[in-house]
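Position 1 is the first residue of the sequence; numbering continues from there. All of these numbers come straight from a predicted model, not from anything done at the bench.
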Amino acid sequence: MSLVLDAAAQDLLFREARTANTFTDEPVTDEQVQAIYDLVKFGPTAFNQSPLRITLVRSDEARERLVQHMAEGNQAKTRTAPLVAILSADNEFHEELPALLPHFPQAKDMFFAERPVREGSAQLNAALQAAYFIIGVRAAGLAAGPMTGLDFAGVQKEFLDEDHAPLMVINIGKPGEDAWFPRSPRLELDEVITTV
C-alpha cells in the first residue's frame with residue numbers, strides 16, 4: 001500500500017532530511033516561525049494539552065549566554081545558526097486545559113492536580129510536540145539541528161524558570177556546506193514491530 005503523501009514530501013520530511021550541522025547565513029523570519037507553529041500546533045497530545053514552550057534565541061548577547069551551556073561539540077554550530085530555539089515543557093500546562101479542552105474542563109483538577117503527574121505528562125507531550133516542530137521546520141524547507149548535548153540546569157537557570165524544564169535546543173536554517181553526516185542505519189520493521 002502506498003502512502004497518500006507524495007514521494008517528494010516524504011523525502012523532504014523524512015527520507016532525505018537529516019540533522020544539520022552547518023547553516024547558511026540566510027535569516028529565519030518571524031513569518032516562517034509563525035507558519036511552522038500554525039501547522040504543528042495541530043499535532044495530537046493527551047487531553048489536547050500544549051505544554052511545549054519555545055524560546056527563540058535571536059540576539060547576539062542571548063546567543064553567547066546559550067553557547068556557554070552547550071556541549072563543546074555543539075557550541076560552534078549553535079553560535080552560527082541563523083535561529084536557535086530552546087524547547088521546554090511547561091509544568092503548569094494544566095492551567096490552560098479548561099480553554100483547550102472545553103468539553104471536559106474538570107480534567108485540570110481531576111488528573112493534573114499533583115505536580116509529579118503534571119511533570120511526567122508535560123515531559124511526554126512536550127516531547128511529542130517537539131517532534132512535530134522538527135517536522136514543521138522541515139516542511140518550511142529549513143533544516144533542524146536538534147541537540148540534547150547541553151547543561152540542562154544551566155539553560156533552565158539562564159533562560160527559563162522552575163516551572164519550565166528544557167527538553168532540547170534546535171538550530172534552524174538553510175543547510176550550509178557539508179551540513180550532513182552520512183545517513184546512519186535504521187532498524188527494520190521486523191526488529192521493531194510485534195504482532196500479537
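Separating the CG atom in L13 from the CD1 atom in I134 is a distance of 12.5 Å, to the nearest 0.5 Å. Here I172 contributes atom CD1 and L142 contributes atom CG; the two are 7.5 Å apart, rounded to the nearest 0.5 Å. Once rounded to the nearest 0.5 Å, the distance linking CZ of R118 with CG of N91 reads 7.5 Å. Rounding to the nearest 0.5 Å gives a distance of 6.5 Å between CG of D90 and CD of E92. Taking CG of N21 as the reference point, atom NZ of K77 lies at 4.0 Å (rounded to 0.5 Å).
Residues that satisfy the side-chain contact (heavy atoms from CB on, under 4.5 Å) test with L124, not counting sequence neighbours, are absent from this structure. Residues satisfying the ring-ring contact (aromatic ring centres under 6.0 Å, His included) criterion with Y132, sequence neighbours excluded, are absent altogether. Here Q123 pairs with L167 under the side-chain contact (heavy atoms from CB on, under 4.5 Å) rule; sequence neighbours left out.
Listed by first and then second residue, the salt bridge (charged side-chain N to carboxylate O under 4.0 Å, His left out) pairs involving residues 20-29 amount to none (not counting sequence neighbours). Legend: ring pair (Phe, Tyr, Trp, His ring centres under 6.0 Å) pairs involving residues 148-167, not counting sequence neighbours: none detected. Each salt bridge (charged side-chain N to carboxylate O under 4.0 Å, His left out) pair with one or both residues in residues 11-22, not counting sequence neighbours, appears once here: D11-R15. Listed by first and then second residue, the salt bridge (charged side-chain N to carboxylate O under 4.0 Å, His left out) pairs involving residues 56-72 are D30-R58, E61-R65, E64-R79, R65-E158 (not counting sequence neighbours). Sequence neighbours left out, not one pair with a member in residues 171-195 passes salt bridge (charged side-chain N to carboxylate O under 4.0 Å, His left out). The side-chain hydrogen bond (donor to acceptor under 3.5 Å, both in side chains) contacts involving residues 140-157 comprise nothing, where partners must be two or more places apart or lie in separate chains.
Nearest heavy atom pair, residue S88 against residue P166, reads CB-CA, 3.9 Å. In terms of heavy-atom proximity, V57 sits nearest to A62 at CG1-C, 3.7 Å.
The closest side-chain heavy-atom distance from L128 to F133 is not below 4.5 Å. Under the 4.5 Å side-chain criterion, counting only non-hydrogen atoms from C-beta, N125 is not in contact with F93. Within the 4.5 Å cutoff, the side chain of I170 has no heavy atoms near those of the M147 side chain. A 4.5 Å side-chain heavy-atom check between I54 and I86 finds every atom pair outside the cut-off. Under the 4.5 Å side-chain criterion, counting only non-hydrogen atoms from C-beta, W180 is in contact with P175. Side-chain contact between V84 and L66: present, with at least one pair of heavy atoms (C-beta onward) separated by less than 4.5 Å. Taking 4.5 Å as the limit, some side-chain heavy atom of L3 sits within range of a side-chain heavy atom of Q10.
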Margin query: Could you walk me through whether L56 and L83 satisfy the side-chain contact (heavy atoms from CB on, under 4.5 Å) test, starting with their C-alpha distance in whole Å, then the side-chain angles of each, then the deciding distance to 0.1 Å, before giving a yes or no?
Written below: CA-CA 7 Å; L56 299 178; L83 179 62; 4.1 Å; yes

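With T80 contributing its side chain and A76 its backbone, the two residues share a donor-acceptor pair below 3.5 Å. Distance alone, capped at 3.5 Å, places no donor-acceptor pair between the N74 side chain and the M70 backbone.
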Let me check something: any side-chain donor-acceptor pairs from residues 35-47 under 3.5 Å, sequence neighbours excluded? List them with distances.
{"from": "D38", "atom 1": "OD1", "to": "Q34", "atom 2": "NE2", "distance (Å)": "2.9"}
{"from": "D38", "atom 1": "OD2", "to": "Q34", "atom 2": "NE2", "distance (Å)": "3.2"}
{"from": "T45", "atom 1": "OG1", "to": "Q49", "atom 2": "N", "distance (Å)": "3.2"}
{"from": "T45", "atom 1": "OG1", "to": "Q49", "atom 2": "O", "distance (Å)": "2.6"}

Can you give me every donor-acceptor pair (side chain of residues 96-114, partner residue at least two apart or in another chain, under 3.5 Å) with its distance?
{"from": "E96", "atom 1": "OE1", "to": "R53", "atom 2": "NH2", "distance (Å)": "3.0"}
{"from": "E96", "atom 1": "OE2", "to": "R53", "atom 2": "NH2", "distance (Å)": "3.1"}
{"from": "K108", "atom 1": "NZ", "to": "E95", "atom 2": "OE1", "distance (Å)": "3.1"}

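Taking Ile, Leu, Val, Met, Phe, Trp and Tyr as members and joining any whose side-chain heavy atoms lie under 4.5 Å apart, directly or through other members, the hydrophobic cluster of I193 also contains L187, L189, V192.
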